[in-house]
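Every chain is numbered from 1, with letters handed out A, B, ... down the list of sequences. Below, all heavy atoms of this structure are taken into account, side chains as well, without hydrogens, waters or symmetry copies.
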There are 2 protein chains.
Amino acid sequence: MDRATVAAHPRLDVCHHRSSALLTLHSPFARKLGAFVALTSEEMAALDRLHGRRKTFPARRDMVHQGMTNQSCYILASGWVCSYKLLSGGTRQIVDFQIPGDFLGLRSVLFRTADHNIEPVTKVEASEVLAGDLLDTFSKTPRLATAVLWAASRDEAMVVEHLVGIGRRDARERTAHFLLELGARLKLVGLGTASGFACPLSQYMLGDALGMSAVHVNRVLRELREGGLVTFQRGQVEIHDLDALVALADFDKSYLDHDGPLLK
Amino acid sequence: MDRATVAAHPRLDVCHHRSSALLTLHSPFARKLGAFVALTSEEMAALDRLHGRRKTFPARRDMVHQGMTNQSCYILASGWVCSYKLLSGGTRQIVDFQIPGDFLGLRSVLFRTADHNIEPVTKVEASEVLAGDLLDTFSKTPRLATAVLWAASRDEAMVVEHLVGIGRRDARERTAHFLLELGARLKLVGLGTASGFACPLSQYMLGDALGMSAVHVNRVLRELREGGLVTFQRGQVEIHDLDALVALADFDKSYLDHDGPLLK
DNA sequence: CACAATCACTGATCTGCGTAAGTCCACGCT
DNA sequence: AGCGTGGACTTACGCAGATCAGTGATTGTG
């Protein structure tokens, strides 16, 4: 399977209906927020209006980089992006990957200047959300501000889990954990299943995300493959022994879940 | 200087005036939020009302631990706390330290169950904020929701910087960066100066925060001391060569700053 | 006052992982 | 066809930092 097909997967497409019928399926982003705050049709509509101009970005060319001011944020419709920080030595640390349905660049808007880079991993389609529109929406439909706060907290929980992994897990555990988390997230938005998913990341990117060298990523992936746990080849991750992987990684997916709206 | 005096430092005390005079100094927390959203006196008052019962916690006994449900959050008045996650192997990773004026436990409220532990480093005084009160306040004074979103983003930026450090900086750089960040934060709330600050952390805690062994923390601190950069002894950090330290750590404090309210 | 804890600090040994330096595809150019 | 580029994958070597196993000083406590 070709990498590019990941970005073109039909299920990635965001629904654009402006209909106000209560049961209409809205964007994956709206569905995600709805999991925390039970949204009224009016709030749903406000969310849909937020989706501004649809933009396309080519793979591998930064959408945003450190120090840029007056940025917009984006709601990812298709493709993958990563956010990373550069260090003076020329190395980088990838902080997170965003997949379809994810919100990105919130921090770049709230602080007026971007504190990290955003690079599309594949070709990307995203709706631009202008800073002003976002803040307006918050003041007109205040519960959406709380909903976005919740979404941001969920992102923070992922960063925290990532931090824990890099700080206290060894390379194999870390890699296993990463693949499991990615799989769980993809499953939530309807990409991938319990047994595998398409993944456009190179071993270099994995290395930059996991805080290790690409060489070592390769070694670890081989070990995991030879141990019959997972294979990651030609852009495809296949999970062969989920239980063993979960045990190895000490994976607890509760931080990705939510058990129904907190705000009625 | 005794450790305990850190917690008892007079400047740590939160101001409790309920006066609605516009120019009253409010809590450090209110001042922090005011840096992002220009707060009206009414919003200030709502914030002050948020401070619920004042509670005291002894050092070293978890206030909150993973899996607890229906938690409150807290506004720290005096003392230090750390938030950490436990791994199955028995090791832990400290994610962040909170100092007076910081808000803690937001994630434990938004997700209904705590995803991390919170342990007082010293004896601690904090105002409890009940989950319901917080959400009420958001709906009644919506701009406060946006302000808290901003504060949460700032915390996330710190976690990100921490992640970058553990992933891509070596032990000396990481330690230097940590001390600089801590110093900068303490200076913002009026504890400590450019040349030093009181710090109640043991080398074990530093190790758990920096993702290294306490043994190695000790060696690194010795190197930094012998190099004439910083000394960290008997609960006191003295910065002797700020420039060299900033250069070593590749420290850029912009992620801690804010340049005036974004929301008028 | 003895005791158990907790902490700073040290030296010796071992190892996970980075670095350097490659090979071997599969591809999109011209 | 001939070249350049980017990714997967190796092997050999060396080092940063973990682990183990201590010492001694300073606390708080029954």
Starting at the 5' end of DNA chain C, which residue's closest nucleotide do you reach first, B/M205 or B/A214?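 This one resolves to B/M205.
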Quickly work out the [X] [atom1] to [N] [atom2] distance and round it to whole Å.
| X | N | atom1 | atom2 | value |
| --- | --- | --- | --- | --- |
| A/F232 | D/dC9 | CZ | C1' | 14 Å |
| A/E223 | C/dG16 | CD | P | 10 Å |
| B/D170 | C/dC17 | CG | C1' | 14 Å |
| B/L206 | C/dC9 | CG | P | 12 Å |
| B/D208 | C/dC7 | CG | P | 11 Å |
| A/R168 | D/dA18 | CZ | C1' | 10 Å |
| B/R60 | D/dT27 | CZ | C1' | 13 Å |
| B/M212 | C/dC9 | CE | P | 13 Å |

If you apply the rule side-chain hydrogen bond (donor to acceptor under 3.5 Å, both in side chains), what do you find for B/R174 with B/H177, and how did you get there? CA-CA 5 Å; B/R174 216 183 293 171; B/H177 193 279; over 6 Å; no
Could you check whether A/G211 gets within reach of a base, just the sugar-phosphate, or nothing at all, counting any heavy atom under 4.0 Å?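 Answer is sugar-phosphate: A/G211 comes under 4.0 Å of backbone atoms only.
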Just to be sure I understand the rule, does B/R225 reach a base, reach only the sugar-phosphate, or reach nothing, if contact means heavy atoms closer than 4.0 Å?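 The answer is sugar-phosphate, as B/R225 gets under 4.0 Å only of primed atoms, P, OP1 or OP2.
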Considering non-hydrogen atoms only, spot the tightest contact between B/D155 and A/E156 and give its length.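 Here B/D155 and A/E156 meet closest at CB-OE2, 4.4 Å.
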Closest heavy-atom contact between A/P58 and A/P120?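 Closest approach of A/P58 to A/P120: O-CG, 3.5 Å.
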On DNA chain D, check which nucleotide each of B/V217 and B/Y204 is closest to and give me the residue with the more 5' one.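 The residue mapped nearer the 5' terminus is B/V217.
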Can you tell me which nucleotide in [options] comes closest to the side chain of [X]?
| X | options | answer |
| --- | --- | --- |
| B/S202 | D/dA18, C/dC17, C/dA8 | C/dA8 |
| B/R219 | D/dT19, C/dA21, D/dA8 | D/dT19 |
| B/V215 | D/dC9, C/dA20, C/dG11 | C/dG11 |
| B/Q233 | C/dC9, D/dA18, C/dT19 | C/dC9 |

Side-chain N or O of B/R222 versus OP1/OP2 of C/dT10: is the shortest distance under 4.0 Å?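 Yes, such a contact exists.
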Is the phosphate of D/dC9 approached by A/Q203 (side-chain N or O, under 4.0 Å from OP1 or OP2)?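 Checking D/dC9 against A/Q203, a side-chain N or O does come within under 4.0 Å of OP1 or OP2.
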For A/R185 and A/D96, run salt bridge (charged side-chain N to carboxylate O under 4.0 Å, His left out): C-alpha distance rounded to whole Å, both residues' side-chain angles, the deciding distance at 0.1 Å, then the answer. CA-CA 12 Å; A/R185 289 173 62 192; A/D96 208 356; 3.6 Å; yes
From CG (A/L163) to CZ (A/R168), nearest 0.5 Å: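 The CG atom of A/L163 sits 10.5 Å away from the CZ atom of A/R168.
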